[in-house]
**Student:** 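The following block contains the structure, expressed as structure tokens.
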There are 2 protein chains.
Amino acid sequence: MDFDPDGSIDHAGPVPPYRQLAGILAARVGRGDWQPNRAIPSEAHLVQEYGVARATVRRSIAVLVDQGVLFVVPQRGTYVKGPALP
Amino acid sequence: MDFDPDGSIDHAGPVPPYRQLAGILAARVGRGDWQPNRAIPSEAHLVQEYGVARATVRRSIAVLVDQGVLFVVPQRGTYVKGPALP
DNA sequence: TGATATTTGTACGTATGTATT
DNA sequence: TAATACATACGTACAAATATC
């Protein structure tokens, strides 16, 4: 599955929003919207930007954490995974 | 962490309910309440039995699926993982 | 020192969809 | 046809840690 980094969420289609958002965010990481070891927008921001519930945002992030694309620092933010820091 | 298979959920303590329930269910599996390749009670049943939200039950199950204790068959039920069937 | 804002963690309840029985 | 069971999503609330002022 390939997603458009500039796409929006389709609440009617067969692909659940959390998968769409995971794909969109992954595409944005791949495009370089956010650099390695830098924070992506907060969950609250993504809720506003994509018009989904926070639980949906968190589920999308969980998918990408599982895939090794992002990592979360509690009470700090969610970051783009990069090469190990020396 | 070890949990009492006959314990209940403490909503006040420091251990979040989803972890408590995961521990309790794991203890019940270990004790043999449910046999391998047999279904455990439904999510709705566990909601009633332990007095937590369904999201909490699902989160507990997700932990145990991740640990290889249970597996889920959509629209069928949640099962105790056992040795591979011949 | 204290207060406030931000951010993620957890939990609740409710609703609808889909597949199976 | 109806009931059951899991999948997904919404909104809301409060806690805890961190950052800032």
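Here is the naming used below: chain letters follow the sequence lines, and residue numbers restart at 1 for every chain.
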**Student:** With no hydrogens and no angle check, is any side-chain donor or acceptor of A/E43 less than 3.5 Å from a backbone partner on A/V57?
**Tutor:**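 A pair under 3.5 Å: no.
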
**Student:** Quick one: B/Q20 CD to C/dG9 C1', roughly how many Å, whole number?
**Tutor:**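 Rounded to whole Å, this separation is 15 Å.
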
**Student:** Which comes earlier along DNA chain D counting from the 5' end, the contact point of A/P74 or that of A/T56, where each point is its nearest nucleotide?
**Tutor:**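 Nearest nucleotide further toward 5': that of A/T56.
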
**Student:** State, with a plain yes or no, whether a side-chain heavy atom of B/F71 is found less than 4.5 Å away from one of B/I61.
**Tutor:**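 No, every pair of side-chain atoms sits at 4.5 Å or beyond.
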
**Student:** Rounded to whole angstroms, how far apart are OH on B/Y18 and C1' on C/dC12?
**Tutor:**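 Rounded to the whole Å, the gap is 16 Å.
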
**Student:** With B/L46 as reference, evaluate B/V52, B/L25, B/I24, B/T56 under the side-chain contact (heavy atoms from CB on, under 4.5 Å) test and give the passing residue.
**Tutor:**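 Only match with B/L46 under side-chain contact (heavy atoms from CB on, under 4.5 Å): B/L25.
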
**Student:** If you assign each of A/V72 and B/R76 to its closest nucleotide in DNA chain C, which residue comes earlier from the 5' end?
**Tutor:**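 Looking at the nearest nucleotide for each, A/V72 comes out on the 5' side.
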
**Student:** If you check the A/R58 side chain, which of C/dC12, C/dT8, D/dC6 turns out closest?
**Tutor:**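 Ranking C/dC12, C/dT8, D/dC6 by closest atom to the A/R58 side chain puts C/dT8 first.
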
**Student:** Let me know the distance between CD1 of A/I40 and P of C/dT7, rounded to the nearest Å.
**Tutor:**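 Taking CD1 of A/I40 and P of C/dT7, I get 12 Å after rounding.
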
**Student:** May I ask you to verify if any side-chain N or O of A/T78 is less than 4.0 angstrom from the OP1 or OP2 atom of C/dT8?
**Tutor:**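 Affirmative; the distance criterion is met.
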
**Student:** Let's see if you can work this out: which of C/dT8, D/dC10, C/dG13 has an atom nearest to the side-chain heavy atoms of B/A53?
**Tutor:**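 When the side chain of B/A53 is considered, C/dG13 is the closest of C/dT8, D/dC10, C/dG13.
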
**Student:** Are B/Y79 and B/L70 close enough that some pair of their side-chain heavy atoms sits under 4.5 Å apart?
**Tutor:**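 Result no, sub-4.5 Å side-chain heavy-atom pair not found.
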
**Student:** Does the C/dG9 base have a donor-acceptor partner in the side chain of B/R59 within less than 3.5 Å?
**Tutor:**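 Under the 3.5 Å cut-off, the side chain and the base do not form any donor-acceptor pair.
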
**Student:** Under the side-chain contact (heavy atoms from CB on, under 4.5 Å) rule, what do B/Q20 and B/I9 come out as? Steps first, then yes or no, please.
**Tutor:** CA-CA 7 Å; B/Q20 295 181 49; B/I9 305 298; 4.0 Å; yes

**Student:** For D/dG11, take OP1 and OP2 only and decide whether either is under 4.0 Å from a side-chain N or O of A/R54.
**Tutor:**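 It does not, given that no N or O in the side chain of A/R54 lies less than 4.0 Å from OP1 or OP2 of D/dG11.
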
**Student:** Rounded to whole Å, how long is the line connecting atom CZ of B/F71 with atom P of D/dA7?
**Tutor:**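 It is 13 Å, rounded to the nearest whole Å.
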
**Student:** Rounded to the nearest Å, what distance is computed from the CZ atom of residue B/R38 to the P atom of nucleotide D/dA5?
**Tutor:**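 After rounding, the gap between these two atoms is 14 Å.
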
**Student:** Checking only heavy atoms, does the side chain of A/Q75 share a donor-acceptor pair with the base of D/dT18 at less than 3.5 Å?
**Tutor:**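 In this structure, the two groups form no donor-acceptor pair.
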
**Student:** To the nearest angstrom, how far is A/L46 atom CG from C/dT7 atom C1'?
**Tutor:**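 Roughly 12 Å, once rounded to whole Å.
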
**Student:** Nearest whole angstrom, please: distance from the C1' of C/dC12 to the CD1 of B/I9.
**Tutor:**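 Answer to the nearest Å: 14 Å.
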
**Student:** Does B/H11 place a side-chain N or O at less than 4.0 Å from the phosphate oxygens OP1/OP2 of C/dC12?
**Tutor:**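 B/H11 to C/dC12 OP1/OP2: side-chain N or O found under 4.0 Å.
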
**Student:** By nearest atom, which of the nucleotides D/dT8, C/dT7, D/dC6 is closest to the A/P16 side chain?
**Tutor:**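 Of all the options, the side chain of A/P16 is nearest to D/dT8.
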
**Student:** Whole Å only: how far is the CD atom of B/E43 from the C1' atom of D/dA7?
**Tutor:**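 B/E43 atom CD is separated from D/dA7 atom C1' by 9 Å.
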
